[in-house]
Amino acid sequence: MNSKEIKLILINALFNFANALSTVFVNVYLYEYTSSLVAMSIYTAIRIGLFPFFFTIGGKMTRKVPFSLPISCGLSFIVLSLLFVLTQEELMAANSMYVYIVAILTGMGEGLYWYSINSCNQIVPRPEDRAPYLSYVGIFNNCTSLLAPIIAGVIIALSGDDTAGYFNIFKLVIGVYVLITLITVTLKIENRSSEPFHLWRCLSLKDRFWNKVLFSTFVYGIRDSLTLTLTGLMVYDATGGDGGTYSNLLAVFSVAAIICFRLMAKKMNNNNLFRFFYVGTFFIVTSTLVLVYINNLFAAVYFGFANAIGTAFYGNPYSYLMLEMTGKYSHENISGRVIAKETAMSLGRCFGMLLIVAMYYLIKEPYYLTISVTFCSLCPLGVLWILKHRDDIPAK
């Protein structure tokens, strides 16, 4: 792999590290104020629902400026969201609705960041490097996921109290975001085309080949919505709210994921891609099904290992196919295709979250979560079927 690909792997890993450091406390912290999986589902839907708007803003920006600018702006909004969480404790204690301000700020920041980094992931890796590139992104992301809770625990222990520890973690997160920005500037990645992109054309369903991309991404996003907030909180509940057990389990799951991604880097190729896809689909489907039907420590452990295997064996083939299929449109301003694909992903995630909210009001306790999570959990079967039966016709 070349130096740009290596630097981009490092950027992905550093952001994952900073994000893992902050979410060590943010989701659970907000859950303590709302005391509701439904409220957290609405929080996630708001956050993800803002992505398409800020993907588009990022796409307009990168027609004239390098990708480092929207990345820097996105990271600034994320920092503001963390600052609000840490400084407005009394406000959120008085009215839990203020957690949705955090959702808005985070959605704005992540929308700009993910548009930029996903565009870079599409543009920078050479076609022959895409499979190992994705595997190494997974390996290093899971290495940082392993380190984050350990480092967060050490910082909090050395800080005297939780609040001081959170502020120290926050300072480290800011430092990591600054480092990401500096690395991005050295890459000097720019959009290959300054021509305007036509988002509505990229969202059109007239292109039969592109339909496969959009629809499979939408269905992928439905199940993926569970992992944004809900599964972490369900695992937290399954461990009895024991933060130590929860952190230790996360570390073990990260090791399992690293091993799986390393295997993918060595073994996955075009000839055996769907063998991994089948295995990964089984584990990704059953991971959340076991968690919602059993919901005890065994379920939490099974979820962690099954999700680790599924993330590598299901997520990697999916991501590889998306890069290959989107790459067929490299003759145009690729921003439109990236934004359209990520918009489909966001809509799928929002659909999954809003389905949980709708089931809560229609069915109530205790069955709303079982029904909605079961539906979302089975969606990877649809993704596998769509991509297995795709028509690799040339883009028009």
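Heads up: numbering here begins at 1 and tracks the sequence. Values below: all heavy atoms of this structure, side chains included; hydrogens, waters and symmetry mates excluded.
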Interatomic distance, [X] atom [atom1] to [Y] atom [atom2] [nearest 0.5 angstrom]:
X      : Y      : atom1 : atom2 : result
Gln122 : Thr326 : CD    : OG1   : 5.0 Å
Thr217 : Met322 : OG1   : CE    : 4.5 Å
Cys379 : Leu384 : SG    : CG    : 13.0 Å
Ser135 : Met264 : OG    : CE    : 5.5 Å
Leu321 : Leu273 : CG    : CG    : 5.0 Å
Ile259 : Leu263 : CD1   : CG    : 10.0 Å

**Item:** Worked check of side chain to side chain contact (heavy atoms under 4.5 Å, CB included) between Ile258 and Cys143
**Value:** CA-CA 7 Å; Ile258 291 167; Cys143 285; 3.6 Å; yes
Which heavy atom in [X] sits nearest to a heavy atom in [Y], and how many Å separate them?
X      : Y      : result
Ala103 : Ile46  : CB-CG2, 3.9 Å
Ser225 : Met353 : O-CE, 3.1 Å
Arg130 : Pro125 : NE-O, 4.1 Å
Phe283 : Gly310 : CB-N, 4.1 Å
Ile294 : Ala299 : CB-CB, 3.9 Å
Leu226 : Ile356 : CD2-CD1, 4.0 Å

**Item:** Residue pairs fulfilling ring pair (Phe, Tyr, Trp, His ring centres under 6.0 Å) with at least one residue in residues 305-328, sequence neighbours excluded
**Value:**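 For residues 305-328: Tyr220-Tyr314, Tyr220-Tyr318, Phe253-Phe305, Phe276-Phe313, Phe277-Tyr314.
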Tell me whether [X] shares a hydrophobic cluster with [Y], the cluster being built from Ile, Leu, Val, Met, Phe, Trp, Tyr side chains joined at under 4.5 Å.
X      : Y      : value
Ile386 : Val285 : yes
Leu354 : Phe53  : no
Leu82  : Leu172 : yes
Leu158 : Leu147 : no
Val219 : Leu378 : yes

**Item:** With sequence neighbours excluded, residues passing side-chain contact (heavy atoms from CB on, under 4.5 Å) with Tyr360
**Value:**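 Here the qualifying residues are Val38, Glu365, Tyr368.
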**Request:** Let me see the working for Tyr177 and Val79 under side chain to side chain contact (heavy atoms under 4.5 Å, CB included), right down to the final yes or no.
**Result:** CA-CA 9 Å; Tyr177 286 157; Val79 168; 3.6 Å; yes
**Message:** Using a 6.0 Å cut-off, check whether atom OH of Tyr100 has over 12 heavy atoms from anything other than its own residue.
**Reply:**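 Counting neighbours around OH of Tyr100, more than 12 heavy atoms of other residues, nucleotides or ligands fall under 6.0 Å, so yes.
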**Prompt:** Ring centroid separation for Trp114 and Phe15, is it under 6.0 angstrom?
**Reply:**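 Yes - the distance between ring centres of Trp114 and Phe15 falls below the 6.0 Å cut-off.
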**Asked** Would you call the rings of Phe274 and Tyr278 parallel, tilted or perpendicular, where under 30° means parallel and over 60° means perpendicular?
**Response**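 Plane angle between 30° and 60°, so tilted.
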**Asked** Relative to the ring of Trp210, is the ring of Tyr329 parallel (under 30°), tilted (30 to 60°) or perpendicular (over 60°)?
**Response**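 Aromatic pair Tyr329/Trp210 classed perpendicular.
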**Asked** Among all residues two or more places apart in sequence or in another chain, which pass the side chain to side chain donor-acceptor pair (under 3.5 Å) test with Thr370?
**Response**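 Checked Thr370 against side chain to side chain donor-acceptor pair (under 3.5 Å); zero matches.
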**Prompt:** Who pairs with Ser319 by side chain to side chain donor-acceptor pair (under 3.5 Å), at least two apart in sequence or on another chain?
**Reply:**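 Not a single residue meets the side chain to side chain donor-acceptor pair (under 3.5 Å) criterion with Ser319.
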Do [X] and [Y] come within less than 4.5 Å of each other through their side chains, counting heavy atoms only?
X      : Y      : answer
Val279 : Phe282 : no
Ser346 : Phe55  : yes
Thr281 : Leu381 : yes
Leu134 : Leu323 : yes
Tyr293 : Val373 : no
Phe17  : Ile180 : no
Met325 : Leu387 : yes
Leu10  : Phe140 : no

Under 3.5 Å, is there a donor on one side chain and an acceptor on the other for [X] and [Y]?
X      : Y      : answer
Ser335 : Tyr115 : yes
Ser377 : Thr288 : yes
Thr286 : Tyr302 : yes

**Message:** So, using salt bridge (Lys or Arg N to Asp or Glu O under 4.0 Å) as the criterion, who are the partners of Glu110 when residues are at least two apart?
**Reply:**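 Result, salt bridge (Lys or Arg N to Asp or Glu O under 4.0 Å) vs Glu110: Arg47.
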**Request:** Please list, chain by chain and in numerical order, all residues satisfying salt bridge (Lys or Arg N to Asp or Glu O under 4.0 Å) with Arg126, sequence neighbours excluded.
**Result:**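 If we apply the salt bridge (Lys or Arg N to Asp or Glu O under 4.0 Å) test to Arg126, skipping adjacent residues, the hits are Glu5, Glu128, Asp129.
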**Item:** Chi angles and distances behind the side chain to side chain contact (heavy atoms under 4.5 Å, CB included) call for Leu8, Ile117
**Value:** CA-CA 8 Å; Leu8 197 54; Ile117 206 68; 3.8 Å; yes
**Request:** Give the C-alpha distance, both sets of side-chain angles, the deciding distance and a yes or no for side chain to side chain contact (heavy atoms under 4.5 Å, CB included) between Leu80 and Phe77.
**Result:** CA-CA 5 Å; Leu80 283 176; Phe77 282 120; 4.3 Å; yes
